[in-house]
Amino acid sequence: CHLVAGAWKGTQRCDMMSDALKGINVQKVHERFEPDAVSDVNVLMGDMNMRFKARFTDFIEFVEFAKDHLYSYDELYEHRHEHGRFPGYHEEPIDFMPTYKRHSKNNDVYINKNEQCPSFTDRIVLKQNDKNSKITYNEYTSRDNIFGSDHRPVFLDFTVELSPEEMVESSLLLNP
């Protein structure tokens, strides 16, 4: 996903994501469906554009500790935990530097664009719909050594183990 940009638009971004999830179509029958009902795991990832609710000049000297302040400043955390948005979705603990707004050729430089605080705009969250499956989270981090953008990419390495009964049932649904 690539949600609307700009500071202080967390609610609008959450509404966009909710609308996108509600609007998924089944290509074969062109009917709307609930993604939770037909998938073992939902993965939402991309430039969610969720921002830190702080000013660049007030926070830049503390940027190396940003991951410790998600509960206080992060829009995605606020909307998930205080407003009940994206129920059931999980995000692994963030243990990397803010991914935005970085200099495109120098990893150590954050750019002050209109007092926008360095933020974790690039995220991966997932929801386990099949409670019998097992998800193992291996690594969630940013690739700080990949340049070319004012964002640093993130990745989540995880494993989903389905029970044999679930796999047979799923294949029957896919191949009637």
Side-chain angles (χ1 to χ4, degrees), residues 1-24 35 39 41-128 135-160:
C1 65
H2 189 182
L3 303 180
V4 66
W8 309 102
K9 293 185 181 178
T11 300
Q12 187 177 355
R13 287 185 265 276
C14 288
D15 290 345
M16 284 180 71
M17 182 59 76
S18 293
D19 289 346
L21 288 172
K22 289 176 193 170
I24 294 175
S39 62
V41 177
N42 292 357
V43 180
L44 305 177
M45 62 184 185
D47 183 0
M48 294 187 186
N49 263 315
M50 296 295 183
R51 307 298 173 96
F52 254 40
K53 296 170 102 177
R55 292 170 21 99
F56 183 94
T57 52
D58 295 336
F59 200 82
I60 192 62
E61 67 183 279
F62 306 107
V63 72
E64 66 187 84
F65 304 107
K67 64 185 177 210
D68 301 325
H69 296 279
L70 286 162
Y71 309 113
S72 302
Y73 295 101
D74 182 63
E75 285 180 337
L76 183 58
Y77 183 87
E78 174 190 343
H79 283 276
R80 286 181 57 231
H81 297 277
E82 295 175 21
H83 303 297
R85 302 300 295 262
F86 310 113
Y89 279 89
H90 169 77
E91 181 176 32
E92 278 294 279
I94 290 178
D95 195 26
F96 49 88
M97 295 292 286
T99 58
Y100 176 82
K101 182 169 179 55
R102 306 289 268 288
H103 190 282
S104 63
K105 296 179 183 174
N106 184 334
N107 190 43
D108 299 327
V109 176
Y110 285 92
I111 299 169
N112 184 352
K113 177 185 175 187
N114 302 322
E115 282 295 317
Q116 291 181 17
C117 187
S119 300
F120 299 94
T121 58
D122 308 279
R123 308 288 272 274
I124 303 172
V125 296
L126 49 87
K127 182 176 184 181
Q128 180 178 351
I135 298 178
T136 304
Y137 298 97
N138 303 313
E139 186 176 15
Y140 181 38
T141 192
S142 173
R143 287 292 187 218
D144 287 338
N145 59 343
I146 298 178
F147 303 107
S149 169
D150 56 1
H151 292 256
R152 293 300 175 264
V154 297
F155 80 92
L156 174 63
D157 177 12
F158 66 97
T159 305
V160 179

Worksheet entry | Residue pair Asp47, Leu3: steps toward the side chain to side chain contact (heavy atoms under 4.5 Å, CB included) verdict | CA-CA 6 Å; Asp47 183 0; Leu3 303 180; over 6 Å; no
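- Contact check for Ile124 versus Val43: side-chain heavy atoms found under the 4.5 Å cut-off.
- For Tyr110 against Pro118, the heavy-atom pair with the smallest separation is CD2-CB, 3.5 Å.
- No more than 12 heavy atoms of other residues, nucleotides or ligands lie within 6.0 Å of OH in Tyr73, so this atom counts as exposed by the packing criterion.
- In this structure, Arg123 CZ and Leu156 CG are separated by 12.5 Å, a value rounded to the nearest 0.5 Å.
- A donor-acceptor pair under 3.5 Å is formed between the side chain of Ser119 and the backbone N or O of Cys117.
- Side-chain contact check for Leu76 versus Phe86: some heavy-atom pair is nearer than 4.5 Å.
- Heavy-atom minimum distance, Thr11 versus His79: OG1-CE1, 3.1 Å.
- Here the side chain of Arg55 pairs no donor or acceptor atom with the backbone of Glu115 at under 3.5 angstrom.
- Side-chain contact between Val41 and Lys127 is absent, with no heavy-atom pair separated by less than 4.5 Å.
- Proximity of Thr57 to Asn112: side-chain heavy atoms (C-beta onward) are separated by under 4.5 Å at one or more points.
- With contacts defined as side-chain heavy-atom distances shorter than 4.5 Å, the pair Gln116/Tyr100 qualifies.
- Taking the six-membered ring for Trp and the full ring otherwise, Phe155 and Tyr140 have centroids separated by 6.0 Å or more.
- Defined by atom type and a distance below 3.5 Å, a donor-acceptor pair is present between the side-chain atoms of Tyr89 and Asn42.
- A distance of 9.0 Å separates NZ in Lys9 from CZ in Arg51, rounded to the nearest 0.5 Å.
- Across all their heavy atoms, Val63 and Met97 have their closest contact at O-CE, 3.7 Å.
- Looking only at side-chain heavy atoms (C-beta outward), Asn49 and His2 come within less than 4.5 Å of each other.
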Discussion item. Applying side chain to side chain contact (heavy atoms under 4.5 Å, CB included) to Val154 and Thr99, what does each step give before you reach the verdict?
Written reply: CA-CA 8 Å; Val154 297; Thr99 58; 3.7 Å; yes
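- Nearest approach of Arg13 to Val4, heavy atoms of both residues: NH1-O, 2.8 Å.
- Interatomic distance, Ser142 OG to His151 NE2, rounded to the nearest 0.5 Å: 11.5 Å.
- Using a 30° and 60° split on the angle between ring planes, His90 and Tyr137 fall in the tilted class, from 30° to 60°.
- Residues Asp95 and Thr141 form no side-chain contact, since every pair of their non-hydrogen atoms from C-beta on lies 4.5 Å or further apart.
- The shortest distance between side-chain heavy atoms of Arg152 and Arg143 does not fall below 4.5 Å.
- Counting all heavy atoms, side chain and backbone alike, Met50 lies closest to Glu75 at CA-OE1, 3.6 Å.
- We find the CG-CZ distance between Asp74 and Phe120 to be 7.5 Å, quoted to the nearest 0.5 Å.
- Taking NZ of Lys101 as the start and CD1 of Ile111 as the end, the distance is 5.0 Å to the nearest 0.5 Å.
- For the pairing with Arg102, the salt bridge (Lys or Arg N to Asp or Glu O under 4.0 Å) check across Asp144, Asp122, Asp150 returns one residue only, Asp144.
- Remark: Tyr77 OH to Leu70 CG distance equals 9.0 Å, nearest 0.5 Å.
- Applying the side-chain hydrogen bond (donor to acceptor under 3.5 Å, both in side chains) criterion to Thr136, with sequence neighbours excluded, gives no partner residue.
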